[in-house]
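Protein chains get the first letters and strands the later ones, always in sequence-line order, with residue 1 at the start of each.
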Amino acid sequence: MENGNNIAFCLERIDAKFRETFPRRLFEWHGENAYSYPWRQTQEPYAIVVSEFMLQQTQVKTVIPYYLKWMERFENWERLANASEGEVLKAWEGLGYYARARNLHKIAKIVFYEKQGILPSEPTELLKLPGIGLYTANAIASLAFGKKTVALDANGIRVLVRLLSIHQPVNKVRALKELSRMAMNLLSEDSDFSLFNSALMDFGRAVCKALAPKCMICPLKEICQAEQPEQLPFKPKKRIEVRKEKIAILRKEDSIWLHQADSKTGRYRGMWVFPNFDPFAMEQKTILFSLPAFLSRYKIFLEVCEAAWKQEQLFQPNLWQGEWIKKEKISFLPLPAPHRRIWMKLMTERAFSPHPG
DNA sequence: TGTCCACGTCT
DNA sequence: AAGACGTGGAC
């Protein structure tokens with residue numbers, strides 16, 4: 001199968017009618033249905049970068065309140081560059097994929113301290129910055145700098161894949177580039193690429209939806225070649241793996257033992273977490289409750305137990321990279337969602353409440 | 001202890 | 001280059 005995984009092969013399906021109808025109808029639709037997100041009010045590079053980082057792997061509705069708070073707190077490159085990692089992670093708490101926050105922080109330092117506060121405007125330069133991949137580089141270039149470049153996120157990809165009935169998986173860089181080039185050819189030199197990118201994403205989100213596409217009201221219906229649009233794009237199923245982890249709650253007077261997640265695994269790096277139960281160093285008392293946590297393809301049941309150090313004097317605090325934290329201070333630390341949930345639940349139990357009685 | 005799904009970058 | 005990284009929401 002010579003053309004088995006070649007998307008270019010599918011491009012023959014673009015005829016004159018498609019070429020004419022697609023951009024025109026898309027822009028028409030956008031004219032009547034444009035969304036006005038906070039980051040659409042500006043072309044300021046910093047604001048665009050912040051919003052694009054938050055929007056990676058995260059839906060618009062979730063991002064809006066975080067974005068507004070962030071821009072109030074870290075209003076420009078300088079503020080962000082000079083913030084502490086703790087502050088940054090705290091502002092990101094609950095958004096997930098915390099590497100995004102650390103990378104954004106790194107970029108602020110690079111831009112402010114090494115580039116005189118000027119963000120590069122070329123996609124190839126943007127790609128060199130941490131946390132910026134193909135999509136984000138092109139999105140920033142078009143939205144903040146008016147570059148004539150196509151930015152395809154999952155929404156845009158889905159729309160094109162369905163319109164052209166592309167059955168090949170599109171998750172590889174090469175396939176993505178082919179699709180982008182194809183989209184590029186549908187526009188002319190004087191087209192507004194920034195508007196096109198926004199329109200395509202909005203359209204994918206609102207009409208050509210992943211789960212229940214609104215084909216009945218779709219303005220592109222007559223040029224859509226998908227027979228079963230909800231089956232596209234094709235994605236191999238990933239199987240869920242169930243795991244169990246035991247979390248230890250160690251108490252001393254009005255403090256709880258917390259530590260900063262270790263950097264080896266990368267998970268939750270820099271965030272504060274309750275320790276895993278360690279049978280060599282700890283003694284289990286009672287099992288309090290357990291909570292499910294979803295991490296990528298894992299479903300982890302966190303079994304939370306009350307525990308104590310076996311012989312505390314033998315374990316130097318710095319060996320465990322942790323410390324006793326006063327209960328009322330915990331709410332000021334950045335905790336990942338499952339650990340934040342554990343703490344919420346503990347707070348409702350009288351013995352743990354920072355304000356007992 | 002509901003289950004499944006969406007959503008880019010890095011290694 | 002498969003798999004890690006997290007959360008919230010639809011059903």
Whole-Å distance between B:dT11 P and A:I132 CD1? 14 Å
I need the CZ-P distance between A:F301 and B:dG2, as an integer number of Å. 7 Å
Listed nucleotide nearest any side-chain atom of A:Y268, set B:dA6, B:dT1, C:dG6: C:dG6
From C-beta outward on A:K299, which listed nucleotide comes closest to its side chain: B:dC7, C:dC5, B:dG2? B:dG2
If you check the A:R297 side chain, which of C:dG3, C:dG6, B:dT1 turns out closest? C:dG3
Phosphate oxygens OP1/OP2 of B:dT9: is one of them under 4.0 Å from a side-chain N or O of A:N103? no
I need the CD-C1' distance between A:Q56 and B:dC10, as an integer number of Å. 11 Å
Spacing between A:K235 atom NZ and B:dA6 atom C1', to the nearest angstrom: 7 Å
Nucleotide nearest A:T136 when distance is taken to its side chain, options C:dC5, B:dG8, B:dC7: B:dG8
Side chain of A:A210 (C-beta onward), nearest among B:dA6, C:dC5, B:dT1: B:dA6
When you match A:P292 and A:Y97 each to their closest nucleotide on DNA chain B, which lands nearer the 5' end? A:P292
Return the value, rounded to whole Å, for the distance between atom CG of A:D153 and atom P of B:dG8. 5 Å
Mapping A:K61 and A:L95 to their closest nucleotides on DNA chain C, which lands nearer the 5' end? A:L95
Please determine whether side-chain hydrogen bond (donor to acceptor under 3.5 Å, both in side chains) holds for the pair A:Y46 and A:E75, giving the CA-CA distance in whole Å, both sets of side-chain angles, and the decisive distance to 0.1 Å. CA-CA 8 Å; A:Y46 175 69; A:E75 57 192 26; over 6 Å; no
Checking B:dG8, B:dC5, C:dG8 against the side chain of A:L211 (C-beta onward), the nearest is B:dC5
Between C1' on B:dA6 and CD1 on A:I240, what's the gap in Å once rounded to a whole number? 13 Å
Using a cut-off of less than 4.0 Å, is there contact between a side-chain N or O of A:S290 and OP1 or OP2 of B:dT1? yes
Assign A:L134 to base, sugar-phosphate, or nothing according to its heavy-atom contacts below 4.0 angstrom with the strands shown. sugar-phosphate
Considering only heavy side-chain atoms of A:R267, the closest of B:dT9, C:dG8, C:dG6 is C:dG6
Check ion pair A:R181-A:E178 (N to O, under 4.0 angstrom): no
Most 5' of A:R243 and A:A293 on DNA chain C, judged by nearest nucleotide: A:R243
Does CD belonging to A:Q41 count more than 12 external heavy atoms closer than 6.0 Å? yes
Please give, in whole Å, the distance from C:dG9 P to A:Q57 CD? 16 Å
Side-chain donor or acceptor of A:R340 paired with backbone N/O of A:G94 under 3.5 Å: no
In whole angstrom, give the distance that lies between atom CD of A:E52 and atom C1' of B:dG8. 11 Å
Short question: side chain of A:H105, backbone of A:L89 - any donor-acceptor pair under 3.5 Å? no
Can A:R100 be said to sit on top of A:F53's aromatic six-ring, NZ or CZ under 6.0 Å from centre and within 45° of the ring axis? no
Between A:R158 and B:dC7, is there a contact of a side-chain N or O with OP1 or OP2 at under 4.0 Å? yes
